[in-house]
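To start, the structure itself, in C-alpha cells.
Each chain gets a letter, A, B and so on, in the order the sequences are listed, and its residues count up from 1. Side chains are part of it too, since the values below use all heavy atoms of this structure and drop only hydrogens, waters and symmetry mates.
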Amino acid sequence: MSVQKPSIPKGTRDFTPTEMVRRNFIFNTVRSVFEIFGYLPIETPAMENLSTLMGKYGEEGDKLLFKILNSGNYLEGIPDSGYQMTDDSNPVSGIRHLKSDIGAFTRHISEKGLRYDLTVPFARFVVQHQNELVFPFKRYQIQPVWRADRPQKGRYREFFQCDVDVIGSPSLLYEVELIQIIDEVFSRLGIQTTTLFNNRKILAGIAEAIGAPEKMNEITVAIDKLDKIGLEKVCLELKEKDLHDSAISALQPVLLMEGSINDKILVLEDLFKLSETGMKGIVELKHLVSLLKDLDLRNKWTFDVRLARGLNYYTGTIIEVKANEVAMGSICGGGRYDDLTGIFGLPGVSGVGISFGADRIYDVMNELNLFPETIQHTTRVLFVNFGPEEERFALKLLNEIRHEGIPAEIYPDSSKLKKQLEYASRKQIPLAVLIGKDEMESGLLTVKDLASGVQSRLSTEEFIRSLKNI
RNA sequence: GUGGUCGUAGCUCAGCUGGUUAGAGCGUCAGAAUGUGGCUCUGAAGGUCGUGGGUUCGAAACCCAUCUUCCACCCCA
C-alpha cells in the first residue's frame, strides 16, 4: 500500500485555529449588526434539488453549479444499447448520442447540487414556509456556498456568504437599511469602503432610450468595462455586438457623464424622455439618495451607472461594495428583485438583499493588518504540572476558575518546567500558575505573568479576584 | 470554459547552458548544574526535486500528459 500525499480539492481551504478565531471575529461582527437591525437567522441544506438551482443564474451560472451524482446505481434505467431521453420516448442508442445530449444525461444521473448562493435557496424557503412567516420577512444566513469556478486570488470554490434579505415589501427604506448595515459592519471591522449603487431600471431605460432594449445586457457589460478598456474599445465592442451606430452615438452622453450625482441625473433625465422605465429608475434613485444624505454614514457611497451586476434576477437597485485600500473584487453585493419567488409559485413579492463575502473580507483585513490582537488567545491560565499530588491540588482550583468563566487548562504530565512554560509561551497564554510542595504547604500560589516575567505569591482567593478584575 | 504561469525539506527560497553523496535561512526536535519560557550556544532529524510517462550513458534541470498555484479573459463574494 503506497502512502498518498494528503490534499484537498482545488479552490478549497483548511482553516487553522488562528484563522478561525479571526474568521469568527468577522462572523460575529456581521451577525450582531444584522441582529441590531432586526434580522433573524435561518439555515438551509448544503444541497438543493437541481430543479431549484438550474436556470436561476443564467447560462454561465448553470455551468458553475456543482452537481451531485445520484447515490446507488445511477445508471439504472439506462438500457445497455443506449439512452432513453427523458423528454420524449424515443430511445437513442450509442455513446455518441449520449454525449450529444449531455444535458439530458446529466439530468438522469444527477438530481441534486450544492448551493451556488444563499438567495435562491432563501426564495425557495420563503415559498415553502410562507404560512409560518411574518412579512416583511427579515432574515440573515451565514453559510458556505460552492461554485465550480476557476480559483484566483479572492476567488474560491467554497466560500462563506453572509446574506441579509428582506422579502415582502417594495419600500426603499430597506435599501437604505442595507446600506446602513454595510456602513456599520465595515466601520466595526475597520475597513474603509465605497458603496456603489445603480438601478436596473436605469440600465433598462438606457437600452430602451437608445433604441436597443433587447441589448440591455450587452450594453451594461460594455459600460462596466469603461474604466478598464477605455471609451474607444467599449464602442468597438458594442459594434461587434451588432449595435447600430445611431444607438452607440445616442449612448455617448451616458459614457461621458461625470460630475455630481445630480449632474448625472440631469443627463439621464434628458435621455429618459423616451423611456418610462428609465424615469421610474430615476425616481427611485433620487428618493434613495435623498434619504441617504440625511444619514451621516461613515463610509463613502455614490451612484455609479457603470455598475452592472450580472445575476438575472435583480430588477431595481443594485449595490456593490469595494474596499478602498485593496485591489480585490467586491466584498459585498446585492440588490432588489421583484419576483424571485414567482418561479416557485409565489408571484409579486418584492425583496431586497445583500451578501457579505466573508473570505474576501478576511483577505482584505489580513492584507491591511486589521485584526485586533485581543482576539488572539483563548486560554488565559495554565496550571503547571509537578506530579500526581500537585495535579490533584491544581485540578480543584482549575475547576473553580473555569466556573468563573475564565478559560484555563493544566499541562497533561509533569514534564520539565522548561517545556511546560514554553508551551504556555507558544500558545500565548498570559498566566502560568506553579503549584509545587511549597505552594501546597503555604497555600500561596506562584503566579507568573509570561509577558513581563514577573512572579507573585497569591492566595487562591486573591488570585481568582485578580482574574475577575481584568 | 479560453489563454498563460508556478510547483525543490514544515515554511521562504538557491541549485550556472543536463554530469557524480541536492543546499541555505527560518522552523522542528534534543542538549547547555536536576522548580522557570521568549534571547544565545551546540547537535540532530527531515527531500520518491508535485505526480506519471518519455528523450539521454546520465535529468531537479529537456519533451509530453496530469494535478496544484497564481494571473488575464469570462463571471463574481
Side-chain angles (χ1 to χ4, degrees), chain A residues 2-13 16 26 30 57-65 115-119 142-163 182 217 220-222 224-225 228-229 233 237 307-312 314 318-323 327-335 353-364 382 384-387 390 411 414-440 446-455:
Chain A
S2 67
V3 183
Q4 60 168 23
K5 250 191 184 166
S7 64
I8 52 175
K10 88 163 119 178
T12 66
R13 294 146 304 150
T16 61
I26 295 173
V30 165
Y57 310 104
E59 236 174 274
E60 286 296 317
D62 282 356
K63 282 188 212 156
L64 298 179
L65 285 172
R115 71 166 99 80
Y116 176 92
D117 69 1
L118 300 178
T119 309
I142 300 176
Q143 289 190 278
V145 302
W146 293 270
R147 295 183 188 177
D149 215 340
R150 196 171 279 198
Q152 262 177 51
K153 184 184 181 187
R155 179 183 232 176
Y156 307 101
R157 292 186 136 185
E158 178 186 61
F159 60 96
F160 272 74
Q161 291 195 324
C162 313
D163 272 37
I182 290 170
N217 265 324
T220 48
V221 168
D224 187 38
K225 288 184 192 165
K228 234 177 201 170
I229 63 175
K233 285 187 177 168
E237 191 167 317
L307 177 60
R309 293 183 56 81
L311 296 178
N312 333 30
Y314 293 122
I318 47 185
I319 303 170
E320 195 163 294
V321 182
K322 296 202 162 185
M328 167 105 57
S330 59
I331 52 178
C332 178
I354 51 170
S355 175
F356 290 80
D359 302 82
R360 284 188 180 175
I361 292 172
Y362 180 96
D363 291 343
V364 167
L382 175 76
V384 169
N385 190 328
F386 281 111
E390 291 88 341
Y411 200 81
S414 54
S415 304
K416 284 184 189 170
L417 187 50
K418 180 187 167 72
K419 200 172 175 188
Q420 301 195 37
L421 287 175
E422 194 177 304
Y423 173 79
S425 183
R426 292 186 58 179
K427 279 190 75 173
Q428 300 187 15
I429 296 170
L431 294 175
V433 177
L434 284 68
I435 304 172
K437 281 212 174 67
D438 281 4
E439 285 81 359
M440 287 201 297
T446 299
V447 178
K448 185 180 176 87
D449 182 320
L450 276 293
S452 63
V454 174
Q455 282 186 195

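OP1 and OP2 of B:G35 both lie 4.0 Å or more from every side-chain N or O belonging to A:Lys437. Phosphate proximity of B:U68 to A:Lys10: present, with a side-chain N or O under 4.0 Å from OP1 or OP2. OP1 and OP2 of B:U36 both lie 4.0 Å or more from every side-chain N or O belonging to A:Gln455. Between A:Arg426 and the phosphate of B:U28, there is a side-chain N or O to OP1/OP2 separation shorter than 4.0 Å.
Distance check on atom C1': B:A65 versus B:G7 gives 16 Å, rounded to whole Å. With both ends at atom P, the span from B:U55 to B:C64 equals 15 Å, rounded to whole Å. Taking the C1' atoms as reference points, B:U28 lies 29 Å from B:C70, given to the whole Å. Separating the P atom of B:C74 from that of B:C67 is a span of 25 Å, rounded to the nearest Å.
Centre separation under 5.5 Å together with a plane angle under 30° holds for the ring of A:Phe159 and the six-membered base ring of B:A77, marking them as stacked.
Backbone-only engagement by A:Cys332 is indicated by non-hydrogen atom pairs under 4.0 Å involving sugar-phosphate atoms exclusively. Residue A:Gly61 is out of contact with every strand shown, counting any heavy-atom pair closer than 4.0 Å. Looking at heavy-atom distances under 4.0 Å, A:Phe386 makes contact with a base. A:Phe160 comes within 4.0 angstrom of nothing in the nucleic acid, heavy atoms only. Among the protein residues, A:Gly11 comes within range of the sugar-phosphate backbone only, with heavy atoms under 4.0 Å from sugar or phosphate atoms but none that close to a base. Within 4.0 Å of A:Glu439, counting heavy atoms only, lies at least one base atom of the nucleic acid. Within the nucleic acid shown, A:Ala451 comes within 4.0 Å of at least one base atom, counting heavy atoms only. Within 4.0 Å of A:Glu422, counting heavy atoms only, lie sugar-phosphate atoms of the nucleic acid but no base atom. A:Lys448 comes within 4.0 angstrom of a nucleotide base, judged by non-hydrogen atoms across all strands.
With a cut-off of 3.5 Å on both Watson-Crick or G-U wobble distances, the partner of B:C62 is given as B:G54. Across every strand in view, B:C41 sits in a pair with B:G31 that passes the Watson-Crick or G-U test at under 3.5 angstrom. In this structure B:U21 sits in no base pair that meets the Watson-Crick or G-U test at under 3.5 Å. In this structure, B:C6 forms no base pair with any nucleotide, since neither Watson-Crick nor G-U wobble geometry is met with both distances under 3.5 Å.
Remark: P of B:C74 and CD of A:Glu237 are 7 Å apart, rounded to the nearest angstrom. Atom CZ in A:Arg150 sits roughly 11 Å away from atom P in B:G4 (whole-Å rounding). Distance A:Lys427 NZ to B:G38 P: 18 Å, rounded to the nearest Å. In this structure, A:Lys419 atom NZ and B:U36 atom P are separated by 16 Å, rounded to whole Å.
Ring geometry for A:Tyr57 against A:Tyr116 counts as tilted: the plane angle lies between 30° and 60°, on a 0 to 90° scale.
Mapping A:Ile331 and A:Ile8 onto RNA chain B via the closest heavy atom, the residue that lands nearer the 5' end is A:Ile8. Both A:Pro151 and A:Lys225 sit near RNA chain B, but only A:Pro151 has its closest nucleotide nearer the 5' end.
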